[in-house]
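Read the structure below first, then the notes.
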Amino acid sequence: VQLQASGGGLVQAGGSLRLSCAASGRTSSSNTMGWFRRAPGKEREFVAAVSWSGSRVYYADSVKGRFTISRDNAKNTVYLQMNSLKPEDTAVYYCTAKRGYRSNWNVRAVVRQAQYDYWGQGTQVTVSS
């Protein structure tokens with residue numbers, strides 16, 4: 001599976017961006033997908049995850065209420081709508097996918113990087129103050 005993230009860029013604080021992640025190859029449309037981010041000088045951290053059906057989602061506290069994750073399985077694509085962006089959201093954003101088929105949803109698991117098998121190359125998001 002290959003994951004191609006896009007949609008990053010430079011935006012002013014309070015603005016919005018929409019990230020996309022297209023899966024190709026043996027598709028990941030049948031399992032959990034998510035977004036992580038790495039800010040300068042920090043460890044990569046969980047942002048959001050969505051179940052295989054799209055019916056269940058989970059967010060880091062820092063983005064809850066501002067970011068929305070969704071997926072379109074017909075297009076093998078997951079999205080991250082980011083609103084009310086803050087300078088502290090500046091980071092490289094990575095999409096990720098779990099191998100397998102319709103795994104049980106477990107919020108303790110979806111926040112862990114080790115749960116995922118495939119990673120995209122990352123897209124830079126920069127929020128200016």
Side-chain angles (χ1 to χ4, degrees):
V1 173
Q2 292 80 45
L3 302 176
Q4 181 69 44
S6 60
L10 173 64
V11 64
Q12 288 188 332
S16 298
L17 282 174
R18 188 194 195 202
L19 305 184
S20 299
C21 177
S24 61
R26 192 164 186 173
T27 66
S28 293
S29 62
S30 56
N31 218 341
T32 303
M33 296 186 72
W35 290 93
F36 284 71
R37 67 185 182 187
R38 188 196 303 271
K42 295 187 177 181
E43 298 290 320
R44 189 159 59 182
E45 65 176 5
F46 170 78
V47 175
V50 60
S51 64
W52 65 269
S53 65
S55 63
R56 297 190 180 191
V57 295
Y58 190 71
Y59 300 96
D61 287 343
S62 58
V63 306
K64 201 172 295 183
R66 301 187 297 122
F67 291 11
T68 302
I69 188 171
S70 62
R71 66 191 297 164
D72 183 340
N73 286 341
K75 297 181 178 179
N76 293 319
T77 301
V78 64
Y79 304 98
L80 186 67
Q81 177 67 45
M82 305 185 295
N83 298 329
S84 302
L85 282 161
K86 305 175 181 180
E88 51 263 43
D89 294 317
T90 295
V92 177
Y93 284 70
Y94 299 90
C95 64
T96 186
K98 181 177 175 59
R99 183 188 298 129
Y101 184 75
R102 299 186 181 181
S103 297
N104 290 333
W105 181 253
N106 183 333
V107 295
R108 293 182 181 179
V110 300
V111 301
R112 295 173 53 214
Q113 298 184 56
Q115 290 295 309
Y116 298 93
D117 303 288
Y118 308 106
W119 293 85
Q121 84 289 0
T123 184
Q124 176 71 47
V125 171
T126 303
V127 184
S128 63
S129 57

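Because only heavy atoms are used, hydrogens play no part in the values below, and waters and symmetry mates are left out as well, while side chains stay in.
Looking only at side-chain heavy atoms (C-beta outward), Tyr79 and Thr68 stay at 4.5 Å or farther from each other. Using a 4.5 Å heavy-atom cutoff, the side chains of Met33 and Leu3 are in contact. Between Tyr58 and Val111 there is a side-chain heavy-atom pair separated by less than 4.5 Å. Residues Tyr101 and Asn31 are not in side-chain contact: their nearest non-hydrogen atoms beyond the backbone lie 4.5 Å or more apart. Residues Thr123 and Val92 form no side-chain contact, since every pair of their non-hydrogen atoms from C-beta on lies 4.5 Å or further apart. Contact of the Val47 side chain with the Tyr59 side chain is not registered, since no non-hydrogen atoms from C-beta on lie closer than 4.5 Å. Taking the side chain as every heavy atom from C-beta outward, Arg44 and Tyr94 approach each other to under 4.5 Å. Counting only heavy atoms from C-beta outward, the side chains of Thr90 and Val125 never approach each other to under 4.5 Å.
Here the shortest heavy-atom pairing between Ser103 and Lys98 reads OG-CE, 3.4 Å. The two residues Leu17 and Gly7 come nearest to each other via the heavy atoms CD2-O, 3.8 Å. Shown here for Ala5 and Cys95, the closest heavy-atom pair between the two residues is CB-SG, 4.2 Å. When all heavy atoms of Ile69 and Gly34 are compared, the closest pair comes out as CD1-CA, 4.2 Å.
From Phe46, atom CZ reaches atom CZ of Arg112 across 12.5 Å, with rounding to the nearest 0.5 Å. Interatomic distance, CD of Glu88 versus NZ of Lys42, reported as 8.5 Å (0.5 Å rounding). In this structure, the separation between OG on Ser20 and CG on Asp72 is 10.5 Å, given to the nearest 0.5 Å. To the nearest 0.5 angstrom, Thr32 atom OG1 is 9.0 Å from Gln115 atom CD. With rounding to the nearest 0.5 angstrom, the CG atom of Leu80 is 13.5 Å from the CZ atom of Arg71. Taking CZ from Arg66 and OG from Ser84, the interatomic distance works out to 7.0 Å, rounded to the nearest 0.5 Å.
Checked by atom type and distance alone, the side chain of Ser62 never pairs as donor or acceptor with a backbone atom of Ala60 at under 3.5 Å. At least one donor-acceptor pair under 3.5 Å links the side chain of Asp117 to the backbone N or O of Arg99. Without hydrogens or angle criteria, Gln124 side chain to Gly8 main chain gives no donor-acceptor distance under 3.5 Å. Not one N or O on the side chain of Arg102 forms a donor-acceptor pair closer than 3.5 Å with the backbone of Ser30. Distance alone, capped at 3.5 Å, is enough to place a donor-acceptor pair between the Thr96 side chain and the Tyr118 backbone.
One hydrophobic cluster, built from ILVMFWY side chains closer than 4.5 Å, holds both Leu19 and Leu85. Both Val57 and Met82 are part of a single hydrophobic cluster, where members link through side-chain heavy atoms under 4.5 Å apart. In the hydrophobic clustering of ILVMFWY residues, with side-chain heavy atoms under 4.5 Å counting as a link, Trp35 and Val63 come out together. Residues Val78 and Trp105 do not share a hydrophobic cluster, defined by chaining ILVMFWY side chains whose heavy atoms lie under 4.5 Å apart.
Two rings, from Trp119 and Phe36, have their centers less than 6.0 Å apart.
In summary, Asp89 and Lys86 do not engage in a salt bridge, as defined by a charged side-chain N under 4.0 Å from a carboxylate O. Under the 4.0 Å criterion applied to side-chain N and carboxylate O atoms, Glu45 and Arg37 are assigned as salt-bridge partners.
A side-chain donor from one of Ser16 and Asn83 sits under 3.5 Å from a side-chain acceptor of the other.
Applying the side chain to side chain contact (heavy atoms under 4.5 Å, CB included) rule to Gln4 yields the partners Gln121; only residues at least two apart in sequence or on another chain are considered.
The number of heavy atoms from other shown groups lying within 6.0 Å of CZ (Arg38) is above 12.
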